[in-house]
Number of protein chains: 2
Amino acid sequence: MKSNQERITIDGIDKEILRHLMEDARKPILEIGRKLGISGAAVHQRLRKLESSGLITGSKFVINPKVLGYSTMAFIGIYLDKAMRNPEAVKQLREIPEVLECHYTTGNWSILIKLLCRDNEHLMQLLNTQIQAIEGVSRTETFISLNQQIDRQIGL
Amino acid sequence: MKSNQERITIDGIDKEILRHLMEDARKPILEIGRKLGISGAAVHQRLRKLESSGLITGSKFVINPKVLGYSTMAFIGIYLDKAMRNPEAVKQLREIPEVLECHYTTGNWSILIKLLCRDNEHLMQLLNTQIQAIEGVSRTETFISLNQQIDRQIGL
DNA sequence: GAAAACTCCGAAAATACGTCGGCTTGTACA
DNA sequence: TGTACAAGCCGACGTATTTTCGGAGTTTTC
């Protein structure tokens with residue numbers, strides 16, 4: 001996929017197309033065209049333009065982690081004894097599949113991660129045997145998400 | 001979409017199908033079938049089983065916020081003067097389109113939100129005019145993500 | 001005002017989707 | 001051992017979608 005990253009102008013029709021596909025990536029292009037009152041070919045051409053502009057980075061199936069037994073989400077702030085250790089720490093965090101996000105942040109911590117685990121016991125085990133074991137990690141602070149009340153992409 | 005939520009067994013072929021679609025929701029079923037050495041019909045039947053089991057919750061187009069000028073991600077811990085105020089606060093947070101996630105968490109804060117804004121100035125403006133303005137918010141702590149180094153779904 | 005650039009449409013070809021009956025395999029049970 | 005049942009796959013089929021193409025209308029550029 002090429003991303004020319006050229007300046008692009010997105011009009012209302014583009015937004016409408018994207019709004020449909022952001023909700024359901026498999027919605028037929030023809031159906032979107034019918035809904036907007038333009039031909040399927042036009043929708044297709046606009047999508048190609050949007051893709052080549054780099055605005056669309058891909059599409060994903062979303063799976064429900066609870067069905068897999070993953071129901072505990074947590075955020076962990078990580079203190080590193082030297083900020084320099086960041087690249088190596090991230091490399092090791094990447095090996096932990098439960099780590100979904102990893103941010104290099106301002107503030108007290110060096111790193112903030114979001115992770116998804118089965119239950120509190122699983123979380124504790126990850127902390128003790130995986131995360132605290134990473135070289136350079138001096139301390140962590142854990143925040144368990146009791147309930148995720150909003151989860152969405154940036155709007156158009 | 002029905003979700004029987006029945007117990008389900010996911011074998012290696014199911015995982016392989018999901019792995020493909022989690023990366024690219026528009027990948028043709030037939031192509032996946034060819035890659036796995038089974039017919040398109042079989043892939044289709046498996047997908048129907050996975051859908052009705054509730055494992056698949058949908059599909060999304062992923063857009064690149066940077067192309068839209070959104071390049072600053074931040075996490076904000078919010079203190080509420082009374083935890084009771086949570087539902088009303090969340091309702092108001094939902095009205096702020098830059099708020100992508102909102103978690104009711106253990107720990108110091110009542111709420112942890114993730115938000116995406118254009119730049120630091122935009123962030124400051126959101127804090128001052130939108131978030132601090134919510135009734136019940138007594139204090140906030142902001143962590144700016146200088147770099148998101150991991151971003152993924154739970155693995156199979 | 002001509003040329004270039006956009007954007008759309010309709011049609012056609014290639015491809016994919018979704019369903020069906022039938023085949024094979026494995027299991028349960030008498 | 002034999003039968004019945006369920007699960008999973010296949011090929012084929014009709015329908016629907018994708019993708020491409022040329023052409024036409026409109027706007028922008030110079």
Side-chain angles (χ1 to χ4, degrees), chain A residues 1-64 67-69 153 155-156, chain B residues 1-64 66-69 153 156:
Chain A
M1 188 171 300
K2 225 184 307 178
S3 69
N4 303 336
Q5 208 76 7
E6 64 201 21
R7 268 297 154 268
I8 192 171
T9 53
I10 300 164
D11 66 11
I13 296 178
D14 289 326
K15 285 187 187 177
E16 214 56 54
I17 294 170
L18 288 174
R19 260 196 280 267
H20 278 104
L21 290 173
M22 283 171 70
E23 277 182 18
D24 177 4
R26 289 187 85 91
K27 182 170 288 186
I29 287 176
L30 276 172
E31 189 183 323
I32 297 171
R34 281 192 291 266
K35 211 157 281 182
L36 300 183
I38 61 178
S39 73
V43 176
H44 185 256
Q45 287 163 348
R46 280 169 177 272
L47 273 175
R48 293 220 307 177
K49 184 192 65 179
L50 292 171
E51 268 177 29
S52 76
S53 78
L55 175 60
I56 298 174
T57 62
S59 59
K60 292 193 193 314
F61 253 58
V62 184
I63 66 173
N64 180 359
V67 176
L68 294 176
Q153 283 194 74
L156 295 176
Chain B
M1 189 171 302
K2 226 185 305 179
S3 69
N4 303 337
Q5 208 78 7
E6 65 202 20
R7 267 297 153 269
I8 193 171
T9 53
I10 301 165
D11 65 9
I13 295 179
D14 290 326
K15 285 187 187 177
E16 213 56 53
I17 294 171
L18 287 174
R19 261 195 280 267
H20 278 103
L21 289 172
M22 283 170 69
E23 279 183 15
D24 177 3
R26 288 189 84 92
K27 182 171 288 186
I29 289 176
L30 280 171
E31 188 182 324
I32 296 172
R34 282 192 292 267
K35 212 157 279 184
L36 300 183
I38 62 179
S39 73
V43 177
H44 186 257
Q45 287 161 353
R46 281 170 176 271
L47 272 175
R48 292 221 305 177
K49 186 192 64 178
L50 292 172
E51 266 177 31
S52 75
S53 78
L55 175 60
I56 297 174
T57 62
S59 59
K60 291 194 195 312
F61 253 58
V62 184
I63 66 172
N64 180 0
K66 287 185 184 171
V67 176
L68 295 175
Q153 281 194 77
L156 297 175

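We name chains A, B, ... by the order of the sequence lines, and we start the count at 1 in each one. Just so it is clear, the structure is predicted and the values come from calculations on it, not from any experiment.
In the set dC9(D), dC9(C), dT7(C), the nucleotide with an atom closest to the side chain of Arg46(A) is dT7(C).
Distance CD1 (Ile32(B)) to P (dC9(D)): 14 Å, rounded to an integer number of Å. What separates CD1 of Ile38(B) from P of dG11(D) is a distance of 12 Å, to the nearest Å. Here the C1' atom of nucleotide dG8(D) and the CG atom of Leu50(B) are 14 Å apart, to the nearest Å. Counting to the nearest Å, the P atom of dT18(D) and the CG atom of Asp24(B) are 13 Å from each other. Here the C1' atom of nucleotide dG8(D) and the CG atom of Asp14(B) are 11 Å apart, to the nearest Å. The interatomic distance linking Asp11(B) (CG) with dA7(D) (P) rounds to 14 Å, in whole Å. Following rounding to the nearest Å, Lys49(A) (NZ) and dA5(C) (C1') show an atom-to-atom distance of 13 Å. Between the P atom of dG10(C) and the CZ atom of Arg34(A) lies a distance of 13 Å, rounded to the nearest Å.
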Polar atoms only, N or O, under 3.5 Å: list the protein pairs with nucleotides 17-22 of chain C and their distances.
residue, atom, partner, partner atom, Å
dC17(C), OP1, Arg26(A), NH2, 3.2
dC17(C), OP1, Ile29(B), N, 3.2
dC17(C), OP2, Ile29(B), N, 3.2
dC17(C), OP2, Leu30(B), N, 3.2
dG18(C), OP2, His44(B), NE2, 3.4
dT19(C), OP2, Arg48(B), NH1, 3.3

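Summarising the local packing, CD of Glu31(A) is surrounded by more than 12 heavy atoms from other residues, nucleotides or ligands at distances under 6.0 Å. Crowding of Arg26(B) atom CZ: a count of heavy atoms from other residues, nucleotides or ligands under 6.0 Å exceeding 12. Counting non-hydrogen atoms of other residues, nucleotides and ligands closer than 6.0 Å to CD of Glu23(B) gives a total of 12 or fewer.
The minimum heavy-atom distance between Asp11(B) and Arg46(B), with the atom names listed, is OD1-NH1, 2.9 Å.
Contacts of Gly37(B) with the nucleic acid, taken as non-hydrogen atoms under 4.0 Å apart, involve only primed sugar atoms and P, OP1 or OP2.
Residues meeting the side-chain contact (heavy atoms from CB on, under 4.5 Å) test with His20(B), sequence neighbours left out: Glu16(B), Lys27(B), Ile32(B), Lys35(B), Leu36(B). Leu156(A) meets the side-chain contact (heavy atoms from CB on, under 4.5 Å) test with Lys15(A), Leu18(A), Arg19(A), Met22(A), Ile63(B), Leu68(B); sequence neighbours excluded.
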